[in-house]
Engineer: 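Before we start, here is the structure in question, set down as structure tokens.
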Amino acid sequence: MHYNDYYKDVRQGLKQWYSKHARDLPWRVNTNSYGTWLSEIILQQTRMEVGVKKWFHIIASFPTVKHLADASEDQILKAWEGLGYYRRARFLHKAAKIINTNGEFPKSYIEWLKLPGVGSYTAAAISSISFNEAVAAVDGNVTRVISRLVGLKDPVNNSKGSKKINNIAKLLLDIENPGNHNQAMMELGALVCNPIKPKCHACPISKQCISSNNTELLNKIPLKVKTKKIQDVDLMWHLVRYKKFIVTIQFPSDGIWGNLWGFPNNKPSKDYFLKRRPLKPVVHLLTHKKIHANFFMWEAINKQALNDYAASINGKVIPVYDLKQLAMPRLITKHILPIISTL
DNA sequence: AAAGCGGGGTT
DNA sequence: AACCCAGCTTT
């Protein structure tokens, strides 16, 4: 059989299947660039169910790109709170300002790629879905589908493997209908060709797939090179208060939880603060960090001492009650705010 | 090419 | 405990 026929069969199978099984995602109703763009940024490394919720929340808070552009970064981070990878929210804000200034959304893959937070996958997804541009979008789903389809022996997370995947994705692309084709590939990866126990019996392209119903291959492919060990990290945060006021600081923009709010690790002077009990340590798991967070509660001897301490560390004094208005890491909102709010 | 960035679900 | 999720940016 000729390769062209092979690709054609895959395209046909996908198209047929997607026409029946496409999920009813909110941004597939009344499609517009804003909703599509927002969905793609939210869904980067984020599961669909979580992403859909956040999409509704952000659409409600910022109905148009202008609302987003005119908002403060703190407001956007607050709306993003809990979703993780907070740079995405800051890039979203920057991109919104650019789009708002330009007066319109980008109209091509190349133009989308220039926006902050938009890489090759996102630019391809948006431009194919919104403008029917014939570019292949390759995400984790597509990588899995293609690597199994052809029985790829290379690791998919090195340059050689990902180049092969991208080349095959281009050959497979339905240039008449790239938006639906890209979404069909992803949908298949999400619903049928899932990581564990894929449903080959329900797959429209199992005839063309080298790994189909082959447990050994399916367990091995997609092959990935070394995963980093989880590292233990110790954090020490000081909850420094005077009556109903507390000191909070903003995390540096280039690190973890960039521009979110939290508590200082600077120990206050014993001359002006009475040390209270340490709080129960919190263990918080991230993808490649195991964070052991320790907290100490301090009470200032007067308001001036609190203000001076805050000033010395570039922190902010706010009523405890207002903490919930700031965007904070899950570690804090989950384990610390419930304790502090009872004080 | 590799590191860093979140949080949570699933197995 | 390990893997995965509609990845991107920086070094």
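Quick note on labels: first sequence line is chain A, next is B, and so on, each numbered from 1.
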Engineer: Find the distance A/Asn194:CG to C/dC5:C1' and express it as a whole number of Å.
Structural biologist: 13 Å
Engineer: Using whole Å, what does the distance between atom C1' of nucleotide C/dA1 and atom CD of A/Gln231 come to?
Structural biologist: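 That distance rounds to 17 Å.
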Engineer: Expressed in whole Å, how much space separates the P atoms belonging to C/dA6 and B/dA3?
Structural biologist: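 Going atom to atom, P in each nucleotide, I get 24 Å.
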Engineer: Applying side-chain contact (heavy atoms from CB on, under 4.5 Å), run through A/Trp55 and A/Trp27 and close with a yes or a no.
Structural biologist: CA-CA 9 Å; A/Trp55 187 86; A/Trp27 45 89; 3.7 Å; yes
Engineer: Could you state the CG-P distance from A/Leu92 to C/dC8, rounded to the nearest angstrom?
Structural biologist: 14 Å
Engineer: Pick base, sugar-phosphate or nothing for A/Val118, based on heavy-atom distances below 4.0 Å to the nucleic acid.
Structural biologist: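 Result for A/Val118 = sugar-phosphate.
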Engineer: Can you work out whether A/Ser39 or A/Lys290 has the more 5'-proximal nearest nucleotide on DNA chain C?
Structural biologist: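 In this pair, the answer is A/Lys290.
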Engineer: Report which part of the nucleic acid A/Thr122 touches: base, sugar-phosphate, or nothing (heavy-atom distance under 4.0 Å, all strands).
Structural biologist: sugar-phosphate
Engineer: Please report, rounded to the nearest Å, how far the P atom of C/dC3 is from the NZ atom of A/Lys220.
Structural biologist: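 It works out to 16 Å between those atoms.
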Engineer: Parallel, tilted or perpendicular: which describes the rings of A/Trp37 and A/Tyr34, with under 30° parallel and over 60° perpendicular?
Structural biologist: tilted
Engineer: For a quick check, with a 4.0 angstrom heavy-atom cut-off, what is the B/S/- contact string for nucleotides 2-11 of chain B, read 5' to 3'?
Structural biologist: --BBBBBS--
Engineer: Just the rounded figure in Å: distance from C1' of C/dG7 to CG of A/Asn182.
Structural biologist: 15 Å
Engineer: What about A/Phe263 and A/Phe295, are their ring centers closer than 6.0 Å?
Structural biologist: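 No.
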Engineer: Is it the case that more than 12 heavy atoms not belonging to A/Lys199 sit under 6.0 Å from its NZ atom?
Structural biologist: yes
Engineer: Quote, to the nearest angstrom, the P distance that separates B/dG6 from C/dT11.
Structural biologist: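 Here B/dG6 and C/dT11 have their P atoms 16 Å from each other.
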Engineer: Taking CE from A/Met186 and P from C/dA6, how many angstroms apart are they, rounded to a whole number?
Structural biologist: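 The distance from CE of A/Met186 to P of C/dA6 comes to 10 Å, rounded to the nearest Å.
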Engineer: Would A/Tyr7 and A/Gln208 count as a side-chain hydrogen bond (donor to acceptor under 3.5 Å, both in side chains) if you check the C-alpha gap in whole Å, the side-chain angles of each, and the deciding distance to 0.1 Å?
Structural biologist: CA-CA 9 Å; A/Tyr7 296 131; A/Gln208 288 78 23; over 6 Å; no
Engineer: Taking any heavy-atom pair under 4.0 Å as a contact, classify A/Trp27: base, sugar-phosphate, or nothing.
Structural biologist: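 Base contact.
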Engineer: Could you walk me through whether A/Asp9 and A/Lys207 pass salt bridge (charged side-chain N to carboxylate O under 4.0 Å, His left out), step by step?
Structural biologist: CA-CA 9 Å; A/Asp9 288 346; A/Lys207 261 189 190 167; over 6 Å; no
Engineer: Would you kindly compare A/Pro116 and A/Pro195 by the position of their nearest DNA chain C nucleotide and give the one closer to the 5′ end?
Structural biologist: A/Pro195
Engineer: Write down the distance between CD (A/Glu40) and C1' (C/dC8), rounded to a whole number of angstrom.
Structural biologist: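 Those two atoms, CD and C1', are 13 Å apart.
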Engineer: Which heavy-atom pair separates A/Arg144 from A/Pro222 by the least distance, and what is that distance?
Structural biologist: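 Of all heavy-atom pairs spanning A/Arg144 and A/Pro222, the closest is CG-CD, 3.7 Å.
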Engineer: Report yes if at least one side-chain N or O of A/Arg90 is closer than 4.0 Å to OP1 or OP2 of C/dT9; otherwise report no.
Structural biologist: no
Engineer: Atom CG of A/Asn166 to atom C1' of C/dG7: distance rounded to whole Å?
Structural biologist: 13 Å
